[in-house]
Protein chains: 2
Amino acid sequence: MSLRSALLALLRVGPMSGYDLQKQFSQSVGHVWHAADSQIYPELRKMANEGLVVAEEQPRGERGVRRIYHVTDAGDQAFLAWMNSPPEYQRTRDAAHLRAAYLESAEPDAARSFLRAHIEHWTYELSCWDGELAHIEALDNPMLVNRLRVTDERDHERTIAYKRFAYEGLAARARSEIAWAQHGLETVDRLERGRSERS
Amino acid sequence: MSLRSALLALLRVGPMSGYDLQKQFSQSVGHVWHAADSQIYPELRKMANEGLVVAEEQPRGERGVRRIYHVTDAGDQAFLAWMNSPPEYQRTRDAAHLRAAYLESAEPDAARSFLRAHIEHWTYELSCWDGELAHIEALDNPMLVNRLRVTDERDHERTIAYKRFAYEGLAARARSEIAWAQHGLETVDRLERGRSERS
DNA sequence: TGGTGCATGTAAGCAGTTACATGATTAG
DNA sequence: CTAATCATGTAACTGCTTACATGCACCA
């Protein structure tokens, strides 16, 4: 249900087409919740069938149709119900840590490559999230600006504070992953030194 | 492919039935990679069809059959190939941080409940991982003991070190999530104080 | 006329969840 | 005898991925 909530959260800021939403998912929101285009269009159709959104159909050329989706009252309530409901957690399923637990089975160089790839991945994620944080602080994130425009001015501070809070959490996680993998590289070196000394 | 790798990792320690594996997934390994029984049995069948494992069939009563799975050479190679291959990362999809980014839409009490649930969830996970770490240090984790038994003594140190490394990473992540949510609770209080002063 | 961006999808398939379903063995 | 544990699955469904597929509008 999170894709649905993410779509509602975006549409509550203002009506958008599937394509517009897709762009959001490849930028700002996409750094928190990823969704592919092939998933967005069918989901919007389903939401329209369930009355959470309505499609304003605009003709495009001879046959093409552009659908601008608007949130309905039912959609608004569904989003708020999700926001006020207890979160659901999935059981841990972490490929990187699974692999780490069996690293003695890998070649030392493969172990190092894996840890460097881990650092590279989380460094990239961190740069995205730090970038979003900079846009929040500078108030030049287009979605945030639009959202503040449809928000009571007394709620601006909270709106900004929670956005910042969310991205700070993701950035902290990325830093923790990077530190862990760096510690891992040191561990590989230490253990390999131990092996070469014994041989 | 990670479920498959996790199954191979366990079976490389020694042959086991689907039921035995299932128990491992609800204990030690299950804290890194979760899998349900309804997923394990079909996967073992598929792996047997592909020659990664062989089932030693034992009759059980009149009609029942117990299947003890053994890793084949092909299975061993598949596991090592996975260990030596570059990791694959999925795009971020984080329901808690998505929700956090829109927390101004929630009732303050719902926001607090959410953050407390987050702390509770990660505190529980942390206790599991700290528990596993204690079993690793005390050398009384049964799977680890079995694994050391089938491992060259010169590799004992590495085997233990990487297990410890994996669980330390998970524990660090849990602590980071808890600290984040605690900071979130303070943020809610600060913002709500601000609102009540203005009203 | 040709490329980029706008705009919309379908189809096959995989991984995982939830619910259902059955029967054997062993310890108290 | 009965409850816990051992032991094995199937079926329907959800969420997501990958690959495929089409066509318009505008600018150079």
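Within every chain, numbering begins at 1; the chains are lettered A, B, ... in the order of the sequence lines, protein sequences first and strands thereafter. Predicted, not measured: the structure shown is a model, and the values here were computed from it.
When the C1' atom of dA15(C) is taken as reference, atom CZ of Phe25(B) falls 14 Å away, rounded to whole Å. Taking atom CE on Met47(B) and atom C1' on dA15(C), their separation rounds to 15 Å, with Å as the unit. Between the CG atom of Leu21(B) and the P atom of dT8(D) there is a distance of 9 Å, given to the nearest Å. Summarising the geometry, the separation between NZ on Lys46(B) and C1' on dA15(C) is reported as 8 Å, rounded to the nearest angstrom. Taking atom CD of residue Glu88(A) and atom C1' of nucleotide dT18(C), one finds them 13 Å apart after rounding to whole Å. The nearest whole Å value for the distance from the OH atom in Tyr41(A) to the P atom in dT10(C) is 12 Å. dC6(C) atom P lies 10 Å from atom CD of Gln22(A), rounded to whole Å. Summarising the geometry, the separation between NZ on Lys23(A) and P on dA7(C) is reported as 7 Å, rounded to the nearest angstrom.
Thr92(A) pairs in a side-chain hydrogen bond (donor to acceptor under 3.5 Å, both in side chains) with only one of the listed residues (Glu125(B), His34(B), His31(B)), which is Glu125(B).
The residue among Leu3(A) and Ile68(B) whose nearest nucleotide of DNA chain D is located toward the 5' end is Ile68(B). Positionally, the nearest nucleotide of DNA chain C for Arg60(A) lies more toward the 5' end than for the other of Pro42(A) and Arg60(A).
Side-chain atoms of Ser17(A) lie closest to dT8(C) of the nucleotides dT8(C), dT8(D), dT17(C). Of the listed nucleotides (dC6(C), dC16(D), dT8(D)), dT8(D) has the atom at the smallest distance from the side chain of Arg67(B). Side chain of Gln39(A), nearest nucleotide from dT17(D), dT8(C), dA15(C): dT17(D).
Interatomic distance, OG of Ser5(A) versus CZ of Phe79(A), reported as 7.0 Å (0.5 Å rounding).
No contact: Gly64(B) has no heavy atom under 4.0 Å from any strand.
Summarising the geometry of Leu139(A) relative to Leu148(A), their closest heavy-atom pair is CD2-CD1, 3.8 Å, with the distance given to 0.1 Å.
By the 4.0 Å N-to-carboxylate-O rule, Glu104(A) lies too far from Lys163(B) to be salt-bridged with it.
Taking the six-membered ring where tryptophan is involved, the planes of Trp122(A) and Trp129(A) are tilted, since the angle between them lies from 30° to 60°.
Dashed line: the shortest gap from a side-chain N or O of Arg66(A) to OP1 or OP2 of dC6(C) is not under 4.0 Å. An OP1 or OP2 oxygen of dT17(D) is reached within less than 4.0 angstrom by a side-chain nitrogen or oxygen of Arg93(B).
Judged by distance alone with a 3.5 Å cut-off, no donor-acceptor contact links the side chain of Ser38(B) to the base of dT17(C).
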